[in-house]
Amino acid sequence: MQIDKVYEPQRFEPHWAQSWIDSGIYRANPAAPGRVFSLVIPPPNVTGSLHIGHMLEHTEIDVTIRWRRMLGHNTLWLPGTDHAGIATQMVVERKLAEEGITRRDLGREEFEKRVWQWKEQYGDNIKRQMIRLGASCDWSRERFTLDPGLSRAVREVFVRLYEKGLVYRGEYMVNWCPRCHTALSDLEVAHTDVAGHLWHIRYPVNGMPGRFVTVATTRPETMLGDTAIAINAKDARYFELHAKTVQLPIMDREISIILDDLADPEFGTGVVKVTPAHDLNDFEAGRRHNLPKIKVIDENARMTDAAGPYAGLDRFEARKAVVAELEKIGALVKVEDYKLSLGTCQRCKTPVEPLVSTQWFVKMKPLAEKAIEVVENGRIEFIPANWTKTYYEWMYNIRDWCISRQLWWGHRIPAWHCQECHEIVVARETPSSCPRCGSEELVQDTDVLDTWFSSGLWPFSTLGWPDQTTDLATYYPTSLLITGFDILFFWVARMIMMGLEFMGEVPFHQVYIHALVRDAEGQKMSKTKGNVIDPLVVTEKYGTDAIRMAMLQCAAPGTDIILTEARMESSRAFANKIWNAARFLFMNMERCGVEPWVPERLEEFLPEAEGGDVPIEDRWIFSRLNDCAQQVNRAIETYRYHEAAQLLWQFIWHEFCDWYVELKKLRFEDNSGLTAGWRNILAAFENTLRLLHPAMPFITEELWQRFLPSRAQRAPREGELRSISLATYPQYRREATDFAAEREIGILQEVVTMARTLRTESKLDPKQQLTGTLYCRTAALEVAQRHAEAIRKLANVKLEFKAEAAPKAPAIRSTAEFDLVLEVPKSQEEAKARREAKEREQLEKNIANSKRQLSDEVFLSKAPQKVVDSIRAKLADYEAQLAKLS
Ligand SMILES: [Zn+2]
Ligand SMILES: [Zn+2]
């Protein structure tokens, strides 16, 4: 039963982390009784290692799942990782670059092998870290998005969507990264405001000598690919230009003038250039007007042969050259400074190039309609609710999703191109011949799917879909998703659409969006700023429980979390406080020869009588515990983690440790009646540990184990571990509420606190016992009097009790019911006088010194003004202090 003197979480946290996993106690069992509560992890990138944001996310999930498990629910927390297409490919490519080779040197097959090798070597990082941090997930159900089962689900979904006409292949304007050589979804493009220019170029109108139209562009090099200019049909300034053409400068090409809403009469000159091959809006206008597309920039961001004299130049070199030429031929009207939003590749920061290419798409409108409906009718709830609006905004404006990526790492698109007749075969299994011409020359599409395509299926692919497994029947739909706002569209929205399409049911009922963890200055953490908090470093330093508590305390919904060292330190002090209380209790048990004891049916236990009465502090602590349990249950249920943490903190530190344990200390000193009383103490403490367990799993498990009759059970074997995490969670019971006891202890606390405050305010020696009088004209006086002995010991004050009004006195403190007067002993008064005389003497000396300096002409003539000013300020300060003392 012995407890180490010092709280050192490093000594037992790894042990429990491993024991929980080895014993398999968090393995889900579809046949288990209880309400089902299931949740899938937002799969971290397999390339990654845990950052503090993960730790927050996992802590919130873990609190919820541990709490549900203790409520007796049939719980599943399914863990896993994402293959993270582009991110992982880049990591391995960087490694290859160190060896001086590229993926193209290796070839596709060899490169894929290298990525798998890399995954074998580092892919377990996340898992190891999560285990160490105590995540109570079911590792037997761990999934990876490239697992055979999940890959099968991906193919099945692709084929079904294709057969339904929701997957199509088309020419479209995509965001192209010239570095990564792949199309990017809109969401993978980062936008930053940069200082750019607006170049005004004039185009001569054919057949109207001397007439020009002026267009403005931020990318003059694209004018080489213009195939029209647009004006608005309603724009009176340009009525005479209808059906005319203009001559494209430099290229000397005749291009048409189209009437299109693309041109806004209110904006600029009301004329815009149209480059269908290099701008999305122009691409669409081009479709409307059947304009040719002239591609002047290629996949490497170099100018094509169609760019005439600029062929082969980089796009930014070409820009300079084009501008110079326009200026030379007098086509450049003016250049303005202009702030523009530059789209860059989220991964490599290269400016993206809008390019037309043939890609695979998912038609989103039909999928989005249902996904909007389920949020509107409340089948899915976002918490905090303001995210609902953000969700709708995106869903109403949804565009088709480009799902093909020109990468090597990921799910290869299950489409085969016939080399003979160019038929495209989409199939679940690799076809052996072309169904149209019978040719066996079939080549699989070289593209892979956007990584979010497979994670969009995560809630059901991980449970065995397309097979109708027991897991799927039991745990889908999942109950809850806890995730960050940054992947609301990437992931959450797509899971909703895919879940509805393939399961006919929402993937989860609630989505809790957690906040961002920021540093002490409120700044976002980033590697470049160097303010990143590594969860493994701080947990090693303070203990996992302390970091969890520190984060939970400020995890109010919708508010960012400021994680400071001070907060982690104080959380560690909180754990230490619990540790010391436990040590004190267990030491006294040993001294009294008491065996550890847990009531058979805790949910029915009420404090027991000892020598006739139930000790008042036992009645009180059970009543307080009951109140705390009621509030903490409610707080966790509504994702008010900060409230749960603060309630636990307040109860454990400021009620259990500060008062209950202190009052018990007095009993131990008396040595009076320590037999039956122990059952109350142990039940209260054990209950408290259970209440705290979801938030601080390690310390509670370590201490709870000491309640077990046999220490041999500490080592798990054969999947058997008696763990606090499988015990029941304390619930509110009407019969445990005891208002009389709360009132009585409340009075005791009030008087003790008054006396302590008064002592501090009057600067009286805390070690010296004082005498005083408590005045009170209500029945509370009698209650206080009953606890005269406890007050004497806790506040070190011997009181007299008087049912009358208090006289005016120097050392007095009053509350609504009480007036407390302390007698200041002679010795303390003399000490105070001596202290004050000394202070006065020092001040007088300082004043004299300052005055001397300020009247010294030589000093004043040499000293800088700043010094003189500061002496004057000091002098005024000394004089003020002296006046106050007198
Ligand atoms: Zn890139
Ligand atoms: Zn064919």
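Each ligand, and each atom within it, is numbered from 1 in the order the structure gives. Side chains are part of it too, since the values below use all heavy atoms of this structure and drop only hydrogens, waters and symmetry mates.
- Relative ring orientation between Phe283 and Tyr172 is described as perpendicular, the plane-to-plane angle rising above 60° on a 0-90° scale split at 30° and 60°.
- A perpendicular orientation is assigned to the rings of Phe502 and Trp465, their planes being inclined by more than 60° (bins at 30° and 60°).
- None of the N, O or S atoms belonging to His422 lies under 2.8 Å away from the Zn ion (ligand 2).
- Side-chain contact, His514 with Glu57: a donor N or O sits under 3.5 Å from an acceptor N or O.
- Classified by interplanar angle (parallel below 30°, tilted 30° to 60°, perpendicular above 60°), the ring pair Tyr396/Tyr392 is tilted.
- Considering the Zn ion (ligand 1) as centre, the angle to SG of Cys345 and to SG of Cys180 is 120° (10° rounding).
- Rounded to the nearest 10 degrees, the angle SG (Cys418) to the Zn ion (ligand 2) to SG (Cys434) equals 110°.
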